[in-house]
*Asks:* 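Could you have a look at this structure, given as C-alpha cells, before my questions?
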Amino acid sequence: MDIYDEVMELAKRRGFLWPSFEIYGGTAGFYDYGPLGARLKRNIEDLWRKFYVVGEGFYEIETPVIGLEEIFRASGHLSSFTDPIVECESCKEFFRADHVEDRCPVCGGEFGEVSEFHLMFRCFIGPGSKRAGYLRPETAQGMFIDFPRLLRFFREKLPFGVVQVGKAFRNEISPRQGLIRLREFTQAEAEIFIDPHDKSHPRFDEVKDEVLILFPQDADEASRWKLADAVEQGIIANEFLAYHIYLTYRFLIGVGISEDRLRFRQHEADEMAHYAADCWDAEILLDRLGWIEMVGIADRTDYDLKAHEEVSKADLGVFMPYREPKVIERMAIKPNMQLLGPRFKGSAKRIADALSQIDAGSLGDQEITIELDGEAVTLTRDMFEITRVKEEIRGEKINLHVIEPSYGLDRIFYAVMEGAFFEEEVEGERRVVMRFLPNLAPIQVCVLPLLGARDELLKISRKIHDDLRKRGLIAEHDESGTIGRRYRRQDEIGTPFCVTVDYETLEDNTVTVRFRDTMEQLRVRIDELHAWLISELGI
RNA sequence: GCGGCAAUAGUCUAGCGGUAGGACAGGGGCUUCCCAAGCCUCUAACUCGGGUUCGAAUCCCGGUUGCCGCACCA
C-alpha cells in the first residue's frame, strides 16, 4: 500500500470519505463526505472564508446550481464542453470528430455515426423540454451574471470582489484518482473586478519581498522568485495577480500544506484560455499522483463580462471617469428653432436633431441639405448657427477586468488528508496520526475517564464533556477500552487534544491534557480548561 | 470510451472446483487504567447477472466498480 491507499483506507474506515451510492453498486466520480470528512471540509471552507471574506473584504453570494442555456452559450462552455465524437468501428477507439479525417488514424478503419458528448449535465426547466438548463460546470458564471447588481451594491468603488463556494458539475468521461477528478465537486471561487488601466494592488507593498516557488512557462524548472522581481520582469503579468498568487500560497500553507510540496506553475501558451492575460496554477506534490493542480489564478481580462454583454444585451459596463475631464473644442451647429418651427412644423424637432449630428468643422458659409424620410430638405444659412463650443469628456464606458482565483476544494481536502497522515513506531506498535492543524481538526477534544474508580471519574468526565460542548467545542467522550487504545483512536482521526480525568482530578480539580503529536501531557485546572483549549486550538 | 489488471466481513487479506479462514477494527464480559496488554464471547464477507459442472468464491461470458496506461481534462 502506498500513501494514497493508506489515506483512502483510513478515510473510508473512519468516516471521512465514502464512495457514493455504494448499496446500488456505486458510480465513478462521486464521493460522500462522512461525518468527520464533512466537518473537516467545512473547516477548510470556513478558513477560506476567513482569508477571502474577512481578510480581503469580499462578499459571498449564492447563485443557482442550474444555469440557463444562454449563460453557457455566452461563457463558451456550450461549444467547448460539447465535443463531437466518433468511434472507429474496427478498433473501438474514440476520436474528436473535428480532429480526424474520414478514416481511423490508428487502424485505418471506418468511423460510425458522429455523436455529441456533453461535459455538462443537461436538464430541463419546467414542464416539457422547451427550456434547456445545465448544471453549472463552475461557480464563476453566477457572479458574472450578477455584475450590474454587484456594481451597485459596491457603489461603483473599485476594485471589488465577490466569492462563491459551492458545487459544480462536469460529466467527465472517466473520473479517476479519488477526489482528484469528480463529476460533482466543490469550488471556491473569487471574482475580483478591477480597473483594466490599473492592475496595481493597494497592498502589494506588504507582499512584494515574499519569495515563492514559481515555474514560469518558458522555464525548464521551478525556482524561487521574489514577487517584486517576478512582476518587474514580466514573469507574472501584474501586481494584482501576484498579490493573489501570494494569498493562495498563504491559504494553502494555512491548511497545513508543506512548503516544499507547493509550487506555482504558469500555464503554457497553448494551455491558457485564449482570453486570459495570464494564468497560474497552484500545484501540490502528492505521493502517488505527482504535481496536481489545486487552484487556478487567472487574469481573465474583460472576456466574461463582454461575452455576457453580447448574448444578454445587458449593459455590463462601468463608467470610468478620467482623473481630469478632457476638454475638446469643436464647431457645433445650433439650429434656429424660431425659423425651423414655423417652416417645418411637426418635423422641426427631427430636423434639428439631424443637424446637431453633422460635423460642423468642415462646413463653410453655405446651405445644408439633409435627408428626411427620403426627401431632401434644404436649410438655408439663417436656419442655423455655427459656434465654437468647449466640451468636457469626463470618462469612458468600459468593461472591468477580472482576477479569478478558483479553488478545487475536494482536491485540497485530499491534499490536507495526505499531508496530515503520519505513521510511526511507538514501543514496537504502529501509531497512525492525522496531524491536522488544530483549527481544522474535525473533533477538537476528546474527554476520557480513567476507568479504575469508574463511577466517580465517569461522572466528572461526562460533566466536563457536556460543559465543553455547551460552550461550543466539538467534543467527544470515550469510555470504552484501555486508555492507550482510546488515545490511538483519537490520534487516527486527528483530535489534537485528549482530556483525561484521573485520580488526581479527585484531589485537586485538575485534568491531564494529552497532546496528539508529541503524546506529552500537561495538567490543567478544570475551570481553566475551556479557555486553555480555545487558545491552543487557535479558534 | 478503449486496453491491461483486479474485486472475499467495517478495513486488510488467505483460499483458486468439494464445510469461507485469519488479522485488525467493533459489541458484551472478566481483569487492568496514562499510551492499541491479556483472556472469554459475539457480530460480520465471496461485486452483480448468466453459463459450464453432481458441485463454482474458484472456470467461461457479460454488467458494475476500482487501479494503471491511452484518450479526455475550456
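Residue numbering restarts at 1 for every chain, and letters A, B, ... go by the order of the sequence lines.
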*Asks:* Considering only B:A36, B:U65, B:A74, which nucleotide approaches the side chain of A:Arg485 most closely?
*Replies:* B:A36
*Asks:* Look at the side chain of A:Arg514 and the base of B:C35, then say whether one donor and one acceptor between them are separated by less than 3.5 Å.
*Replies:* yes
*Asks:* Whole Å only: how far is the CG atom of A:Asp478 from the C1' atom of B:G26?
*Replies:* 12 Å
*Asks:* Between A:Arg486 and B:C35, is there a contact of a side-chain N or O with OP1 or OP2 at under 4.0 Å?
*Replies:* no
*Asks:* CD of A:Glu138 versus C1' of B:C73: gap in Å, rounded?
*Replies:* 14 Å
*Asks:* What interatomic distance, in whole Å, is found between P of B:G1 and the corresponding atom of B:U52?
*Replies:* 29 Å
*Asks:* Please confirm whether any donor atom in the side chain of A:Arg181 sits under 3.5 Å from an acceptor in the base of B:C72, or the reverse.
*Replies:* yes
*Asks:* When both hydrogen-bonding distances must be under 3.5 Å and the geometry is Watson-Crick or G-U wobble, what is B:G1 paired with, if anything?
*Replies:* B:C70
*Asks:* Ignoring hydrogens and angles, answer whether the base of B:A71 and the side-chain atoms of A:Ser174 contain a donor-acceptor pair closer than 3.5 Å.
*Replies:* yes
*Asks:* Do A:Thr512 and B:C34 have a side chain to base donor-acceptor pair shorter than 3.5 Å?
*Replies:* yes
*Asks:* Tell me the partner of B:G21, counting only Watson-Crick (N1-N3 plus N6-O4 or O6-N4) or G-U wobble (N1-O2 and O6-N3) with both under 3.5 Å; none if nothing fits.
*Replies:* B:U13
*Asks:* Hydrogens and angles aside, do A:Asn509 and A:Asp527 bring a side-chain donor and acceptor to less than 3.5 Å of each other?
*Replies:* no
*Asks:* Please check the phosphate of B:C48 (OP1 and OP2 only) for any side-chain N or O of A:Tyr24 closer than 4.0 Å.
*Replies:* no
*Asks:* Which of these nucleotides, B:G10, B:C35, B:C68, is closest to any side-chain atom of A:Arg176?
*Replies:* B:C68
*Asks:* Measure the distance from CD1 on A:Ile23 to C1' on B:A45 and round it to the nearest whole Å.
*Replies:* 17 Å
*Asks:* What's the closest nucleotide to the side chain of A:Arg170 if the choices are B:A74, B:G66, B:U11?
*Replies:* B:A74
*Asks:* Take atom P in B:A20 and the same atom in B:A45, then report the distance between them in whole Å.
*Replies:* 12 Å
*Asks:* Counting Watson-Crick and G-U wobble pairs only, both distances under 3.5 Å, name the nucleotide matched with B:G62, or none.
*Replies:* B:C48
*Asks:* I need the CD-C1' distance between A:Glu456 and B:C33, as an integer number of Å.
*Replies:* 15 Å
*Asks:* What's the closest nucleotide to the A:His77 side chain, out of B:A74, B:G27, B:C34?
*Replies:* B:A74
*Asks:* Under 4.0 Å: is that the gap between some side-chain N or O of A:Thr27 and OP1 or OP2 of B:U64?
*Replies:* no
*Asks:* Distance between the C1' atoms of B:C39 and B:C34, in whole angstroms?
*Replies:* 22 Å
*Asks:* A:Gln521 has a side chain; which of B:C35, B:C67, B:G1 sits nearest to it?
*Replies:* B:C35
*Asks:* Please determine whether a side-chain nitrogen of the Lys or Arg among A:Lys167 and A:Glu138 lies less than 4.0 Å from a carboxylate oxygen of the Asp or Glu.
*Replies:* no
*Asks:* With sugar-phosphate meaning primed atoms plus P, OP1 and OP2, does A:Gln177 contact a base, only sugar-phosphate, or nothing at under 4.0 Å between heavy atoms?
*Replies:* sugar-phosphate
*Asks:* Identify whether any heavy atom of A:Tyr4 sits under 4.0 Å from a base atom; if not, whether one sits that close to sugar-phosphate; answer base, sugar-phosphate or nothing.
*Replies:* sugar-phosphate
*Asks:* With rounding to whole Å, what would you report as the distance between B:C24 and B:U58 at their C1' atoms?
*Replies:* 26 Å
*Asks:* Suppose you measure atom C1' in B:A23 against the same atom in B:G18; what distance do you get, rounded to whole Å?
*Replies:* 26 Å
*Asks:* Side chain of A:Ala28, heavy atoms from C-beta onward: which of B:C73, B:C35, B:G66 has the nearest atom to it?
*Replies:* B:G66
*Asks:* Provide, to the nearest angstrom, the distance between the CG atom belonging to A:Asp287 and the C1' atom belonging to B:C67.
*Replies:* 15 Å
*Asks:* If the C1' atom of B:C60 is compared with that of B:G22, how far apart are they to the nearest Å?
*Replies:* 30 Å
*Asks:* Return yes if the base of B:C34 and the side-chain atoms of A:Tyr487 contain a donor-acceptor N/O pair under 3.5 Å, otherwise no.
*Replies:* yes
*Asks:* Base, sugar-phosphate alone, or nothing: which one does A:Gly26 contact when heavy atoms must sit under 4.0 Å apart?
*Replies:* sugar-phosphate
*Asks:* Do other residues, nucleotides or ligands put more than 12 heavy atoms under 6.0 Å from A:Glu62 CD?
*Replies:* no
*Asks:* In whole angstrom, give me the gap between the P atoms of B:U13 and B:A74.
*Replies:* 35 Å
*Asks:* Do the side-chain N or O atoms of A:Arg489 get closer than 4.0 angstrom to the phosphate oxygens (OP1, OP2) of B:G26?
*Replies:* yes
*Asks:* Expressed as a whole number of angstroms, how long is the span from A:Glu479:CD to B:C33:P?
*Replies:* 18 Å
*Asks:* Distance only, no hydrogens: is a donor on one side chain within 3.5 Å (strictly under) of an acceptor on the other, for A:Glu310 and A:His308?
*Replies:* no
*Asks:* State whether A:Thr482 places a side-chain N or O below 4.0 Å from either non-bridging phosphate oxygen (OP1 or OP2) of B:U32.
*Replies:* no
*Asks:* Quick check on B:G10: is either OP1 or OP2 less than 4.0 Å from any side-chain nitrogen or oxygen of A:Arg14?
*Replies:* no
*Asks:* On RNA chain B, does the nearest nucleotide to A:Asp491 precede the nearest nucleotide to A:Gly178 from the 5' side, or the other way round? Give the residue.
*Replies:* A:Asp491
*Asks:* Once you apply a heavy-atom cut-off of 4.0 Å, does A:Ser75 come out as touching a base, just sugar-phosphate, or nothing?
*Replies:* nothing
*Asks:* Hey, which sits more toward the 5' end of RNA chain B by its nearest nucleotide, A:Val432 or A:Arg411?
*Replies:* A:Val432
*Asks:* Rounding to an integer number of Å, can you tell me how far A:Arg13 CZ sits from B:C12 P?
*Replies:* 9 Å
*Asks:* Between A:Tyr407 and A:Thr248, is there a side-chain donor-acceptor contact under 3.5 Å, judged purely by atom types and distance?
*Replies:* yes
*Asks:* Going by the side-chain hydrogen bond (donor to acceptor under 3.5 Å, both in side chains) test, name the single residue among A:Glu528, A:Arg523, A:Glu504 that passes it with A:Thr510.
*Replies:* A:Arg523
*Asks:* Could you tell me whether A:Lys41 sits above the aromatic face of A:Phe413, with NZ or CZ closer than 6.0 angstrom to the six-membered ring centre and within 45 degrees of the axis?
*Replies:* no
*Asks:* Under a 3.5 Å cut-off for both contacts, is B:G26 paired Watson-Crick or G-U wobble with anything, and if yes, with which nucleotide?
*Replies:* B:C42
*Asks:* Between B:G27, B:G69, B:A36, which nucleotide has the shortest distance from any of its atoms to the side chain of A:Glu492?
*Replies:* B:A36
*Asks:* Roughly how many Å is it from NE2 in A:His267 to P in B:C73, rounded to a whole number?
*Replies:* 14 Å
*Asks:* Show your working on side-chain hydrogen bond (donor to acceptor under 3.5 Å, both in side chains) between A:Tyr33 and A:Asp410 and close with a plain yes or no.
*Replies:* CA-CA 10 Å; A:Tyr33 285 88; A:Asp410 310 273; 2.7 Å; yes
*Asks:* What distance, rounded to whole Å, do you find between the two P atoms, one in B:G26 and one in B:C59?
*Replies:* 35 Å
*Asks:* Taking only residues two or more places apart in sequence, or in another chain, which ones meet A:Asp32 in a salt bridge (charged side-chain N to carboxylate O under 4.0 Å, His left out)?
*Replies:* none
